[in-house]
Amino acid sequence: MYFSILQAPRCKIHTLSSAWWDTLQSFGWGSGKGSGVRLLSCNSYGVETGPARRWSRTVTSETEGRNKTSSSKQSSIRQKILDGSVTTSTKFNASKAEIGQAQNIQHWNVQQTIAEKKVLASLVTIIVFDIETTGFSRVNERIIEIALQDLHGGKNSTFQTLVNPGRHVPNHHVHGITTHMVSRPDVPRMEDLIPILLAYVRSRQKPGGNVVFVAHNGRTFDVPFLINEFSRCSIEIPSDWLFVDTLALARELRKSEGSKAPKLSVKGLREHFGIQLIDSAHRAMSNVHSLSLILQRLTFDLRIPVSGLVERSFSASDLINSKKKS
DNA sequence: GGCCCTCTTTAGGGCCTT
């Protein structure tokens with residue numbers, strides 16, 4: 001069976017990811033298990049360096065708590081993180097003593113917020129993923145390649161495999177994946193792959209925590225494809241899987257940057273952030289490389305902590321239910 | 001197909017994904 005967990009790229013990937021995770025931890029967002037790896041390895045990917053300048057930021061109190069009405073099981077971690085946020089922007093109109101007391105409370109609230117976010121964010125596993133398919137139709141086409149990268153890094157932080165769709169691959173001119181390549185006996189079919197994929201994700205998941213999968217245009221492309229493939233195999237997508245769409249984050253950045261706004265495609269964002277392309281632009285792992293770096297830059301520029309990603313996430317059942325309603 | 005924007009909302013076009 002052709003089934004690879006890339007060795008050489010994995011090393012590069014996980015050092016980058018660890019650096020990002022370390023950065024989050026320094027903001028009080030990470031898990032507290034720092035690897036000590038710095039952004040040095042960004043150079044090998046052509047990303048401008050200067051971590052002290054680019055990645056330094058003071059922690060400020062935030063007012064959160066939007067979208068608290070979700071009642072689905074899949075939103076449990078989203079609820080935990082959102083409920084853990086504490087408002088610290090209260091205006092005081094009182095004596096010095098009262099102000100001092102209030103400031104102490106405010107200071108305590110900030111510390112509490114940071115501590116709670118640190119604990120809650122430590123329960124989240126962030127996995128960037130991408131798929132290649134036989135076409136655009138979520139109903140009629142099939143996945144032929146899937147790649148994942150756990151941004152926490154470490155051993156086996158990446159996962160990649162071709163998938164046998166059991167049909168002709170008409171669009172090999174797009175990604176270079178031919179019918180012959182996916183028809184080899186060592187390439188798994190989706191029904192064989194899903195149990196392996198589930199086991200891999202479980203191996204990356206923190207006890208009691210959720211997984212946040214990140215993809216570009218995931219809401220309307222990657223996630224519906226996954227839902228349909230799982231459905232064909234009569235397997236449910238785990239209830240603790242959440243999804244984040246970087247296209248939505250890019251739209252947020254476009255709003256905030258005005259005339260300097262980037263194009264919204266992966267290529268446009270890569271060019272905007274000065275991220276060098278690794279390998280083919282239309283292979284899943286190459287796109288995962290790019291998207292991991294794009295996610296880092298988007299979350300940095302938009303000042304989005306892990307809880308902010310969870311707040312923007314959606315579940316598979318969210319998509320299924322919205323489709324039923326429509 | 002879904003989202004966003006606008007020359008809009010009783011609509012239509014552009015963008016994003018392979």
Side-chain angles (χ1 to χ4, degrees), chain A residues 67 127-149 160-183 187 190 193 213-232 242-273 275 277 279-292 294-295 297-298 302 311-326:
Chain A
N67 304 325
I127 293 179
V128 175
F129 80 103
D130 186 50
I131 58 173
E132 300 301 322
T133 70
T134 55
F136 285 121
S137 170
R138 301 107 183 96
V139 178
N140 301 319
E141 306 296 350
R142 296 289 188 275
I143 293 175
I144 54 173
E145 185 178 42
I146 185 166
L148 298 82
Q149 178 187 356
Q160 179 193 30
T161 184
L162 290 173
V163 184
N164 185 345
R167 62 165 62 182
H168 175 63
V169 179
N171 56 344
H172 58 87
H173 60 282
V174 173
H175 37 57
I177 300 171
T178 63
T179 306
H180 175 72
M181 288 168 67
V182 296
S183 299
V187 175
M190 189 53 76
L193 175 62
F213 289 88
V214 180
H216 197 67
N217 201 23
R219 177 178 283 276
T220 55
F221 189 79
D222 302 72
V223 180
F225 258 102
L226 271 187
I227 290 172
N228 288 334
E229 294 282 13
F230 271 66
S231 176
R232 287 188 197 99
L242 299 174
F243 300 92
V244 167
D245 191 341
T246 46
L247 180 57
L249 300 182
R251 286 187 177 121
E252 282 189 44
L253 185 67
R254 183 168 67 175
K255 281 183 183 176
S256 67
E257 294 210 343
S259 60
K260 295 186 297 180
K263 290 184 178 178
L264 299 178
S265 64
V266 170
K267 182 185 177 187
L269 291 167
R270 206 173 51 227
E271 291 172 350
H272 177 76
F273 291 129
I275 296 169
L277 179 65
D279 300 326
S280 167
H282 285 288
R283 289 301 294 267
M285 187 50 82
S286 174
N287 280 335
V288 166
H289 290 168
S290 296
L291 194 56
S292 295
I294 288 169
L295 176 66
R297 294 299 304 268
L298 284 173
L302 292 168
E311 185 182 322
R312 288 164 174 80
S313 70
F314 56 91
S315 66
S317 62
D318 287 340
L319 288 190
I320 293 168
N321 292 335
S322 65
K323 189 176 180 182
K324 283 179 182 174
K325 286 179 183 175
S326 64

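Quick note on labels: first sequence line is chain A, next is B, and so on, each numbered from 1. Treat the numbers as computed from the prediction; the structure is a model and nothing was measured.
Annotation: B:dT8 and B:dG14 have their C1' atoms spaced 15 Å apart (nearest Å). With C1' as the reference atom, B:dC5 and B:dT9 are 12 Å apart, rounded to whole Å. When the P atom is compared between B:dT18 and B:dT10, the two are found 34 Å apart, to the nearest whole Å. Taking the C1' atom of each, B:dG13 and B:dC7 are spaced 11 Å apart, rounded to whole Å.
Regarding A:L264, its CG atom lies at a distance of 11 Å from the P atom of B:dC4, rounded to whole Å. If you take CG of A:D318 and P of B:dG1, they are 21 Å apart, rounded to a whole angstrom. The separation between A:I320 atom CD1 and B:dG2 atom C1' is 16 Å, rounded to whole Å. If you take NZ of A:K255 and P of B:dC15, they are 18 Å apart, rounded to a whole angstrom. When the P atom of B:dG14 is taken as reference, atom NZ of A:K263 falls 15 Å away, rounded to whole Å. At whole-Å resolution of the value, NZ in A:K267 and P in B:dT17 are 11 Å apart. Spacing between atom CG of A:L249 and atom P of B:dT17 amounts to 14 Å, rounded to whole angstrom units. Here the P atom of nucleotide B:dT18 and the CE atom of A:M285 are 15 Å apart, to the nearest Å.
In terms of position along DNA chain B, the nucleotide closest to A:A248 lies nearer the 5' end than the nucleotide closest to the other residue of the pair A:A248 and A:D130. Remark on DNA chain B: of its neighbouring residues A:F136 and A:R251, the 5'-side contact belongs to A:R251, judged by nearest-heavy-atom nucleotide.
Annotation: salt bridge (Lys or Arg N to Asp or Glu O under 4.0 Å) contacts of A:E271 (sequence neighbours excluded): none.
The stretch residues 216-225 of chain A touches DNA chain B through A:H216, A:N217, A:R219, A:T220, A:F221, each having a heavy atom under 4.0 angstrom from the strand.
Nearest approach of A:I131 to A:I146, heavy atoms of both residues: CG2-CG1, 3.9 Å. The minimum heavy-atom distance linking A:I227 with A:A316 is given by the pair CD1-O, 3.8 Å. A:I143 approaches A:E229 most closely through the heavy-atom pair N-OE2, 2.8 Å. Between A:P224 and A:G218, the closest heavy-atom pair is CD-O, 3.3 Å.
Residue A:Q160 forms a side-chain hydrogen bond (donor to acceptor under 3.5 Å, both in side chains) with just one option from A:R283, A:Q149, A:E145, and that option is A:E145.
Using a 4.0 Å heavy-atom cutoff across all strands shown, A:I144 reaches no nucleic acid atom at all.
A side chain to side chain donor-acceptor pair (under 3.5 Å) check over residues 213-223 of chain A, counting only residues at least two apart or in different chains, returns the pairs A:H216-A:T246, A:N217-A:T220.
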